[in-house]
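Notes follow once the structure below has been shown.
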Amino acid sequence: MKVRVGREVLAEAVGWVARGLPTRPSVPILAGMAVEAADGVLTVSGFDFESSARVAMPADVGDDGRVLLSGRLLAGICRAMPRDTVDLHAEGARVTVSSGSSRFALQTLPWGEYPPLPELPAAGGVVSGEVLARAVTQVVTAAGRDDTLPVLTGVRVEIRGPVITLLATDRYRLAVRSFSWEPSDPEIEADALVPAKVLAGLAKTMAGHEVTLALGSTRTGDGLIGFEGAGRRATSRLIDAEFPKVRKLIPSPGAITRTVTMETATLLEAVKRVSLVAERTSPLRFAFTDGTATLSAGSGEEAEATEPIEAKLTGDPLTIGFNTGYLLDALSALGTPVAHFSFTEPTKPVNVVGLRSADDEPSGDSAYIVVPLRMVG
């Protein structure tokens, strides 16, 4: 194998694949990254039996070939190269990676021991990468991080004809986002539970491109989901578990007794400032009155802070407490100028959604449910 490729393109591709490689693989060969050159295309890929990633890029290929190299080492070398191009030259069991005067000699791993990448399931349709990225970003922050509860580390994907809905929860909050796509079958109905880490990694890399979504079925044993676009392809094995029935947590319009709207950026900055004196397990307190939301944290025995900001309240005044981290995640995921809070009762879950202006009404295609904290007194 003999190939020359742009350093920036190679470093980005190798870095993306390397992020999905296991740090402590159960089988050492899975730390490898497959590098293949043929017909003017260089392809790098990785696989750990759960998820796979592959990137194809144009390259100046002198000799076709394929090798298996340490993935994280290759990624670090490519990032550090000094020139605009990188040369890879394989001879026997060694590969020379060079750029300018920098030269690295790497030992190859046994290709025959590396498992083949899974094939994509049948294509189900296409979606805008920008729309997919925005939806995933809004939802994945609510997914659980406790691997002992794998069902909560996933994002539920519900496909109902031309609409896809994403849901995630860690028991203390719930995020929901619906968006349109173009399915191959307009009557398609499917459900899948996808690891949140996989979706989070895909969100940024495929934004700005059309993405093909392919979904297998856990019932037939090919429980994979696949994404393809912009020369990149990724698959993930689905989580075979029953997602909790969480839609009942979303307040119905008839049950809402109060609403509050505030400027998102102003609220975010106020929360960050006031929370500097909040203890980790103590709530960030909000007192909502007509025209004002007063944030407070801390106690008179130590440090305390208060800050009023402008707010529009409908309904009776209300005092409530939030977990600071969960509230910041919800506000950061909105991506809109205005934050809209819907309340039923002070101890019941609160729905936080984004609006383009204070005069808009919630569209119903998104929700971020936060469970309030109990406050003494």
Side-chain angles (χ1 to χ4, degrees), residues 49-52 118-129 131-203 206 210-229 233-250 252 333 349 351 353 363-369:
F49 292 121
E50 293 296 326
S51 62
S52 71
E119 295 293 330
L120 278 179
V126 296
V127 61
S128 161
V131 170
L132 177 64
R134 191 180 307 117
V136 169
T137 300
Q138 291 174 337
V139 168
V140 293
T141 57
R145 295 170 177 81
D146 184 355
D147 290 333
T148 63
L149 295 171
V151 64
L152 299 182
T153 64
V155 174
R156 180 174 170 85
V157 180
E158 297 180 347
I159 301 176
R160 301 292 183 268
V163 177
I164 295 178
T165 300
L166 307 181
L167 304 95
T169 183
D170 61 0
R171 294 180 297 176
Y172 306 104
R173 50 190 168 162
L174 163 67
V176 182
R177 186 71 170 88
S178 297
F179 56 93
S180 299
W181 75 315
E182 299 178 13
S184 303
D185 176 6
E187 303 297 325
I188 185 174
E189 290 194 6
D191 299 318
L193 190 55
V194 186
K197 290 181 180 179
V198 173
L199 284 179
L202 285 166
M206 292 189 174
E210 187 175 80
V211 178
T212 298
L213 174 63
L215 185 63
S217 170
T218 54
R219 297 175 183 174
T220 58
D222 56 346
L224 290 177
I225 191 169
F227 303 85
E228 187 171 21
R233 173 186 292 184
T235 66
S236 174
R237 188 158 297 282
L238 302 177
I239 300 173
D240 188 9
E242 187 70 27
F243 195 72
K245 300 184 184 302
V246 293
R247 289 186 178 274
K248 60 184 179 181
L249 295 176
I250 303 174
S252 63
N351 190 10
V353 300
S363 62
D365 62 357
S366 67
Y368 203 110
I369 308 298

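All residue numbers in this chain count up from 1 along the given sequence.
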Starting at [atom1] of [X], measure out to [atom2] of [Y] and round the result to the nearest 0.5 Å.
X    : Y    : atom1 : atom2 : result
D240 : R237 : CG    : CZ    : 10.0 Å
R173 : Y368 : CZ    : OH    : 4.0 Å
R156 : R247 : CZ    : CZ    : 8.0 Å
L215 : L224 : CG    : CG    : 9.5 Å
S178 : R160 : OG    : CZ    : 10.5 Å
L132 : L199 : CG    : CG    : 7.5 Å

Step-by-step side-chain contact (heavy atoms from CB on, under 4.5 Å) determination, L167 to V246 = CA-CA 9 Å; L167 304 95; V246 293; 4.0 Å; yes

request  = Any chance you could lay out the side-chain contact (heavy atoms from CB on, under 4.5 Å) test for V155 and L193, step after step, and finish with the verdict?
outcome  = CA-CA 6 Å; V155 174; L193 190 55; 5.8 Å; no

remark   = Y172 meets the ring pair (Phe, Tyr, Trp, His ring centres under 6.0 Å) criterion, sequence neighbours left out, with none

request  = List the steps and the verdict of side-chain contact (heavy atoms from CB on, under 4.5 Å) for L166 and V157.
outcome  = CA-CA 5 Å; L166 307 181; V157 180; 3.8 Å; yes

For residues 179-189, dump all side-chain donor-acceptor pairs below 3.5 Å to protein atoms at least two apart in sequence or in another chain.
residue, atom, partner, partner atom, Å
W181, NE1, G161, O, 2.9
S184, OG, G124, O, 3.4
D185, OD1, E187, N, 3.0

request  = Taking the side chain as every heavy atom from C-beta outward, state whether V176 and I250 have any atom pair closer than 4.5 Å.
outcome  = yes

request  = Tell me, with the steps shown, if T165 and D365 meet side-chain contact (heavy atoms from CB on, under 4.5 Å).
outcome  = CA-CA 8 Å; T165 300; D365 62 357; over 6 Å; no

Minimum heavy-atom distance between [X] and [Y], given as atom pair plus value:
X    : Y    : result
A143 : A196 : CB-CB, 3.7 Å
T212 : A123 : CG2-CB, 3.7 Å
I369 : P349 : CG2-CB, 3.3 Å
A234 : L120 : O-CD2, 4.1 Å
T169 : P244 : CG2-CG, 4.2 Å
A135 : R177 : CB-CG, 3.7 Å

Enumerate donor-acceptor pairs with a distance under 3.5 Å from any side-chain N or O in residues 147-154 to protein atoms, sequence neighbours excluded.
residue, atom, partner, partner atom, Å
T148, OG1, D146, OD1, 2.6
T148, OG1, D146, OD2, 2.9
T153, OG1, P150, O, 2.7

message = Any donor-acceptor pair under 3.5 Å linking the side-chain atoms of S236 with those of S51?
response = no

